[in-house]
Amino acid sequence: MLSRVADAIFWMSRYVERAENLARFIDVTINMQIDTPGQAGDQWEPLINATGDHEEFKERYGEATARNVINFLTFDRDNPNSIVAVLRAARENARSIRETISSESWEQLNTFYHFVRDAANGDQIHKAPGDFFAEVKNRSHLLNGVTDGTMSHGEGWHFLNMGRLLERADKTSRILDVKYFTLLPRVEDVGSPIDYLQWSAVLRSVSGFETYRKRYHGIDVEQIVEFLILDRDFPRAIKYCLIHADESLHEISGSLTGTFVNPAEQCLGRLRAELAYRDVRSIINQGLHEFVDSLQTQLNQLGDAIFGTFIDPQPV
Amino acid sequence: MSGALSFSGYEPDDFYDEFFAEAGKPRDVVRTLVERIDGLPPGDLQNRQQAIERALMQMGITFAVYGDQQGAEKIFPFDIVPRIVSAIEWSHIEAGLKQRIEALNLFIDDIYHDQNILKDGVVPRNLLEDAASYRPECHGLNPPRGVWCHITGTDLIRDADGGIYVLEDNLRCPSGVSYVLQNRQLMKRSFPQVFAEMQVRPVIDYPIRLYETLRSLSPDVSDPKVVVLTPGICNSAYYEHSFLAQQMGVELVEGHDLAVRDGFVFMRTTRGYQRVHVIYRRIDDDFIDPLCFREDSVLGVPGLMDAYRNGRVALANAPGTGVADDKVIYAFVPEMIRYYLDREPILPNVPTYVCQREDDRKYVLEKLDKLVVKAANESGGYGMLIGPHATQEQRDEFGAKIRENPRNYIAQPTLSLSRVPTVVDDHFEGRHVDLRPYILYGDDLWVLPGGLTRVALRKGSLVVNSSQGGGSKDTWVIASTQSQLQTQAETQAQVQLQSQTQEAGQA
């Protein structure tokens with residue numbers, strides 16, 4: 001597979017996953033505001049922090065009202081991490097590899113982009129924002145389903161799968177980090193009804209509420225952290241994402257799992273091994289924020305290693 | 001708004017109309033379709049047209065609207081009423097095209113070798129050597145089996161007299177065939193029964209034929225690596241490049257994906273460098289190799305021409321082929337046919353005045369208000385003067401250009417292009433069309449039955465180019481025998497089905 005094509009397919013799926021996660025973050029924040037009128041404090045400001053564009057937002061929008069944050073994170077074409085901007089980037093990548101992805105996937109992504117772009121022109125979404133963000137999530141699921149069901153699961157698909165899972169691992173860690181930071185400084189909140197609602201909302205934002213309840217029943221912060229970081233089976237848990245990204249990586253190079261033949265495999269293998277032998281206690285003791293920080297640094301190094309290994313290879 | 005679109009009241013006016021010999025009298029070849037459309041419930045045809053436009057938007061067959069910050073995009077206009085060509089007329093066109101391409105290919109091979117046609121004075125030497133697309137670097141090149149122009153799109157028009165004429169040859173990178181295939185796919189969804197009833201010949205096996213043509217360029221390799229080389233996503237024909245690569249199942253590469261090492265061409269993959277044997281390049285000669293042609297080109301591959309010259313990679317079309325697109329060279333194609341094939345041209349040229357000839361020039365300068373003047377090396381409707389529609393100032397400007405550089409201009413009478421009924425709001429109006437069939441030249445010559453019908457959507461306009469308000473229509477060629485209704489793939493599939501039946505019978 002052409003290096004340029006592998007790069008485009010990897011980023012196409014990363015950007016689509018990013019769009020879906022943005023919709024999830026916004027949707028859950030809207031619900032939280034509804035459930036805790038006047039009590040939850042400002043939920044919108046931390047959302048901006050989670051996406052990492054705080055200064056730009058302050059400069060251009062000022063106050064973190066629902067409308068401002070939704071506009072900034074959804075429709076602002078000048079914010080490179082808004083839903084419309086990442087979908088546009090996904091589509092531009094897809095357009096450069098139309099011959100590689102299936103026509104069905106391309107058409108799905110194309111209409112997905114047009115759907116969001118058209119919504120930007122009206123005021124309708126502020127009247128029923130929940131419907132809109134649910135639709136964004138659904139279209140992302142539809143695209144994933146169409147792609148998995150129509151594209152050969154060869155090298156190209158494995159690049160796609162890896163992009164999707166690494167982006168998801170990054171986003172799950174971010175939402176966990178931000179919520180932990182917002183919720184736990186207020187010691188008096190622990191165990192109160194608000195706390196329960198807020199942590200349920202975190203689980204719901206990754207569609208993990210039901211699975212979590214089946215496994216653990218009660219809402220307990222430590223168990224939630226365990227579930228979102230260390231669960232092997234839940235598809236938005238960080239460990240799940242890294243295990244399956246690692247499998248795709250080994251499919252691409254053809255080497256055995258548990259061994260490495262290039263820096264990307266070395267990097268991801270190390271990360272996977274670390275998670276395999278961590279327990280939640282040690283993460284909490286280390287400090288969740290410190291843990292997430294180090295995880296994100298390693299994910300960035302992995303991204304660089306993938307680029308260096310496959311996309312920008314040295315002459316042979 | 002959704003009244004019934006009907007042909008009653010449709011006026012062919014004083015033009016040759018592809019549908020109606022006179023008002024209310026459909027030609028035999030279109031009768032079935034005319035009756036079908038007239039029998040549709042009110043609003044039905046408009047709904048189908050809109051469904052097609054939605055599908056085009058969904059498929060992303062669009063171009064960006066320049067200057068629109070919101071990222072607005074438009075589809076290429078498509079009209080639902082097809083152009084229809086009878087079996088008899090098509091066999092005439094097909095024979096004429098094969099003859100013309102055969103002669104043009106012999107001409108290109110000749111001018112890059114012995115130049116007999118120049119020595120015998122049939123084509124003036126200076127006309128050739130002054131052609132902007134003539135490539136002296138290509139002298140002595142020997143493409144496999146002597147074929148230079150593997151893919152050609154020839155523009156045909158029908159004049160008021162009903163005759164088919166060749167308007168121009170496109171031997172460089174003719175585009176538009178992807179629209180032929182997509183238009184057909186959409187029309188089949190809209191009129192499924194009509195296709196069978198009217199016996200329309202399929203076009204769907206073009207990508208298979210194209211792949212076989214390309215593969216034949218690397219005869220010594222059993223499974224050659226074929227790629228499509230595109231200038232990139234910003235090129236206006238990018239959609240077509242990716243579509244053809246996808247349909248053929250080959251890689252779409254950009255210049256920087258390729259590299260020449262030790263005299264061979266490789267592409268950069270996730271597993272290192274992989275050898276490439278055949279390149280269907282959609283980049284003009286000027287840009288394919290900065291070491292050989294334009295050194296400022298960033299689209300091409302340094303060293304590509306050396307690899308080509310040494311027979312280590314095949315290029316389609318061969319470099320140097322574009323010389324035949326020169327509009328002055330065009331004027332000599334009928335002479336080439338007589339010279340190389342010793343036959344009379346089956347498809348005539350549009351009468352053409354070559355401004356380098358003194359008599360012609362004098363005539364052209366006197367009749368600028370009647371003629372169409374074209375620069376020798378322009379395309380896409382640029383560098384053109386349509387005398388009757390131009391202002392005196394524009395005519396004076398072109399007159400000065402012709403006097404200054406007569407070699408660079410030709411003139412033709414203003415043609416009265418034939419018309420096809422086209423949906424305009426809630427009724428049909430005649431709009432002028434041309435036709436670009438596609439010809440493949442691999443092991444033998446093959447003409448795609450149909451081609452791109454381009455239509456000038458502006459009332460009265462004769463310019464069909466998409467950059468100037470043109471749209472497209474599907475082109476239906478009617479079959480004369482049953483076998484013409486089958487594609488190559490279907491023929492093969494049937495053979496397979498048969499053998500399975502026999503096995504089942506024996507068991």
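Order of the sequence lines fixes the chain letters, A, B, ..., with proteins taken first and strands second; residue numbering starts at 1 for each chain.
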> Heavy-atom count around B:D262 CG within 6.0 Å, excluding the residue itself: above 12?
Replying inline: no
> So how far is it from B:R271 CZ to A:F310 CZ, rounded to the nearest 0.5 Å?
Replying inline: 8.5 Å
> Between B:E254 and chain A, which part of the residue has a heavy atom less than 4.5 Å away: side chain, backbone, both or neither?
Replying inline: both
>> Nearest 0.5 Å, please: how far is CZ in A:R98 from CD in B:Q246?
In response: 7.5 Å
> Which answer fits B:Y238, side chain, backbone, both or neither, if we ask what part of it has an atom under 4.5 Å from a heavy atom of chain A?
Replying inline: side chain
> For A:S103, is it the side chain, the backbone, both or neither that has a heavy atom under 4.5 Å from a heavy atom of chain B?
Replying inline: both
>> I need the A:D7 CG to B:T270 OG1 distance, nearest 0.5 Å.
In response: 11.5 Å
> When only heavy atoms count and the cut-off is under 4.5 Å, which of residues 12-24 of chain A reach chain B?
Replying inline: none
> Considering only heavy atoms, which portion of B:H256 lies under 4.5 Å from any heavy atom of chain A: side chain, backbone, both, or neither?
Replying inline: side chain
>> Can a donor-acceptor pair be found, under 3.5 Å and without considering hydrogens, that links the side chain of A:S3 to the backbone of B:T269?
In response: yes
> Side chain, backbone, both or neither: which part of B:V253 has an atom under 4.5 Å from a heavy atom of chain A?
Replying inline: both
>> Using only atom types and a distance under 3.5 Å, with no angle test, would you say the side chain of B:Q58 pairs donor to acceptor with the backbone of A:T111?
In response: no
> Heavy-atom distance under 4.5 Å to chain A: side chain of B:F243, backbone, both or neither?
Replying inline: neither
> Looking at residues at least two apart in the chain, or sitting in another chain, which of them share a ring pair (Phe, Tyr, Trp, His ring centres under 6.0 Å) with A:F112?
Replying inline: none
>> So for A:L109, is it side chain, backbone, both, or neither that comes closer than 4.5 Å to the heavy atoms of chain B?
In response: neither
>> Under a 3.5 Å distance rule, please check whether B:R268 uses its side chain to pair with a backbone N or O of A:R4 as donor and acceptor.
In response: no
> How long is the gap from CD on B:E251 to OG1 on A:T100, to the nearest 0.5 Å?
Replying inline: 6.5 Å
> Between A:R95 and B:Y239, is any pair of side-chain heavy atoms under 4.5 Å apart?
Replying inline: no
> chain B heavy atoms under 4.5 Å from A:E155: which part of the residue, side chain, backbone, both or neither?
Replying inline: side chain
> Heavy-atom count around B:R215 CZ within 6.0 Å, excluding the residue itself: above 12?
Replying inline: no
>> Could you report the tightest heavy-atom contact between B:S242 and A:E99, atom names first, then the distance?
In response: O-CB, 3.4 Å
> Looking at A:S253, A:S96, A:A6, A:S102, which has the largest count of heavy-atom pairs under 4.5 Å with chain B?
Replying inline: A:S96
> Does the side-chain contact (heavy atoms from CB on, under 4.5 Å) test come out yes or no for B:M267 and A:L2, once each step is laid out?
Replying inline: CA-CA 7 Å; B:M267 58 182 191; A:L2 284 177; 3.7 Å; yes
